[in-house]
There are 2 protein chains.
Amino acid sequence: MADRKQFAELATQLRATISVMRGMARTLPGDCQVASVGVLSVISRHGEMRIGRLAELLDIDMSVTSRHVAHLADRGWIERAPDPLDKRSRLLRLTTRGDAVLRTAQDHIAGVLADRLDGWPDEDVERFTELLARLRADFTTA
Amino acid sequence: MADRKQFAELATQLRATISVMRGMARTLPGDCQVASVGVLSVISRHGEMRIGRLAELLDIDMSVTSRHVAHLADRGWIERAPDPLDKRSRLLRLTTRGDAVLRTAQDHIAGVLADRLDGWPDEDVERFTELLARLRADFTTA
DNA sequence: TATTGTTATACTCTATAACTATA
DNA sequence: TATAGTTATAGAGTATAACAATA
């Protein structure tokens, strides 16, 4: 088991990672915000869903999710179909344009990463991705 | 070299990591905010410095740094000594209380990590920390 | 009554621009 | 003139609480 000092160092590096992400976010094209990419990405991955489920997957409050969704719907990037099982809810899905916006944003970010992580062996990128996923999993399940 | 798809997956996991950090931030004790921990941590690591240098190390604008510093000084967590070489600047350093606040926050975060990453082998924690540091380095130098 | 979602309000963190004091 | 720092203002992202509609 790692000791306190190692975890403190890990925490420092995790904090610094937020700066890196913020810097990358600033380079996003058009009026597409990071939060929008997150929403579009989740819907694209998991398919049609309601706001409540989306909020759960994003791990943010439903009130916030509701605002994000309204923002995206205003731009025509997602559509809200009636939920046949519950008139209080609507089912969210990406429009063709929304899908295009998501792809553009993802390509852009992947491009920035590919550029900066130029010297990284394939194996390190995979391992890094896996460790981040494990971190998330260990925080989500508990 | 990793392909686009791998980098897109890495981006997704990095985005999710921010959620994890936000969750951890919510559990911080007292009125100590994450941004405060960042400031205290940098001064503690690098020693006495001016606002400009602090902003550079934190990678945030000096105006924002100035506000954070004022916040910390109000609480008596840092002190601002005159800079003998330049009357426009002051040298920032942690007070005894500031150091205590930092240690408490760091212990808290390290504790949360230790708790959630219970099953992680020592080696994985080290490797993870190193990969995060490398990510930051590769984004900072370019 | 309980649940789904929306809206009003407020807080944290950040950036840009205008300003003051000193170099 | 240029630089260090502060302050005013604005925007993105979030949470809490009060609310409307439906279950």
Side-chain angles (χ1 to χ4, degrees), chain A residues 15-28 30-42 48-75 78 80-92 105, chain B residues 15-28 30-42 48-75 78 80-92 105:
Chain A
R15 225 183 307 118
T17 302
I18 293 179
S19 283
V20 171
M21 293 301 290
R22 193 161 23 78
M24 229 174 338
R26 274 197 290 266
T27 73
L28 273 176
D31 70 341
C32 187
Q33 302 169 337
V34 192
S36 297
V37 180
V39 171
L40 293 173
S41 170
V42 166
E48 191 173 86
M49 69 181 70
R50 316 199 299 181
I51 293 253
R53 172 70 176 144
L54 179 59
E56 195 183 309
L57 289 170
L58 289 168
D59 190 32
I60 56 181
D61 195 85
M62 210 199 311
S63 66
V64 178
T65 309
S66 176
R67 287 181 69 88
H68 287 324
V69 163
H71 179 87
L72 296 180
D74 283 350
R75 278 156 187 73
I78 63 175
R80 297 179 274 198
D83 181 344
L85 299 175
D86 188 339
K87 285 183 184 167
R88 293 171 302 182
S89 300
R90 283 180 290 184
L91 295 175
L92 312 173
Chain B
R15 226 183 307 117
T17 302
I18 293 180
S19 283
V20 171
M21 292 301 289
R22 193 162 24 79
M24 230 173 337
R26 274 197 290 266
T27 72
L28 273 177
D31 70 343
C32 187
Q33 303 169 336
V34 193
S36 297
V37 180
V39 171
L40 294 174
S41 169
V42 166
E48 190 174 85
M49 70 182 68
R50 316 199 299 182
I51 293 252
R53 173 68 176 147
L54 179 60
E56 196 183 309
L57 289 170
L58 289 169
D59 190 32
I60 55 180
D61 194 85
M62 209 197 313
S63 66
V64 178
T65 310
S66 177
R67 287 181 70 87
H68 287 324
V69 163
H71 180 87
L72 296 180
D74 283 349
R75 278 157 186 73
I78 63 174
R80 297 181 274 199
D83 182 343
L85 300 174
D86 188 339
K87 284 182 183 168
R88 293 171 303 183
S89 300
R90 282 181 289 184
L91 296 176
L92 312 173

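Below, read A as the first sequence line, B as the second, and so on, with proteins coming before strands; counting in each chain starts at 1.
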Exercise for review: Map A:I51 and A:R88 onto DNA chain C by nearest heavy atom, then report which one ends up closer to the 5' terminus.
Suggested key: A:R88
Review point. Would you say the base of C:dT16 and the side-chain of B:S63 have a donor-acceptor pair closer than 3.5 Å?
Key: yes
Review point. Any donor and acceptor pair, going by atom type alone, linking the side chain of B:R75 with main-chain N or O of B:H71 inside 3.5 Å?
Key: yes
Study note, to complete from the structure: From CG of B:D61 across to P of D:dT9 the rounded distance in Å is 17 Å
Check your understanding: Is the phosphate of D:dA12, meaning OP1 or OP2, less than 4.0 Å from a side-chain N or O of A:H68?
Key -> no
**Study point:** Euclidean distance, A:T65 OG1 relative to A:R50 CZ, rounded to 0.5 Å
**Key:** 13.5 Å
Revision key, fill the gap. Per nearest nucleotide of DNA chain D, the residue lying toward the 5' end, B:R67 or B:S89, is B:S89
Point to revise | Student check: side-chain heavy atoms of A:V37 and A:C32 closer than 4.5 Å | key: yes
Review point. Relative to the 5' end of DNA chain C, which residue comes earlier, A:M62 or A:R26, by the nucleotide with the nearest heavy atom?
Key: A:M62
Review point. What residue among B:M62, B:H68, B:M49 forms side-chain contact (heavy atoms from CB on, under 4.5 Å) with B:L54?
Key: B:M49
Practice item. Check the distance between D:dG5's P and B:L58's CG and give it to me in whole angstrom. Key: 13 Å
Practice item. May I ask you to evaluate whether A:R90 reaches the phosphate of C:dT6, defined as a side-chain N or O under 4.0 Å from OP1 or OP2? Key: yes
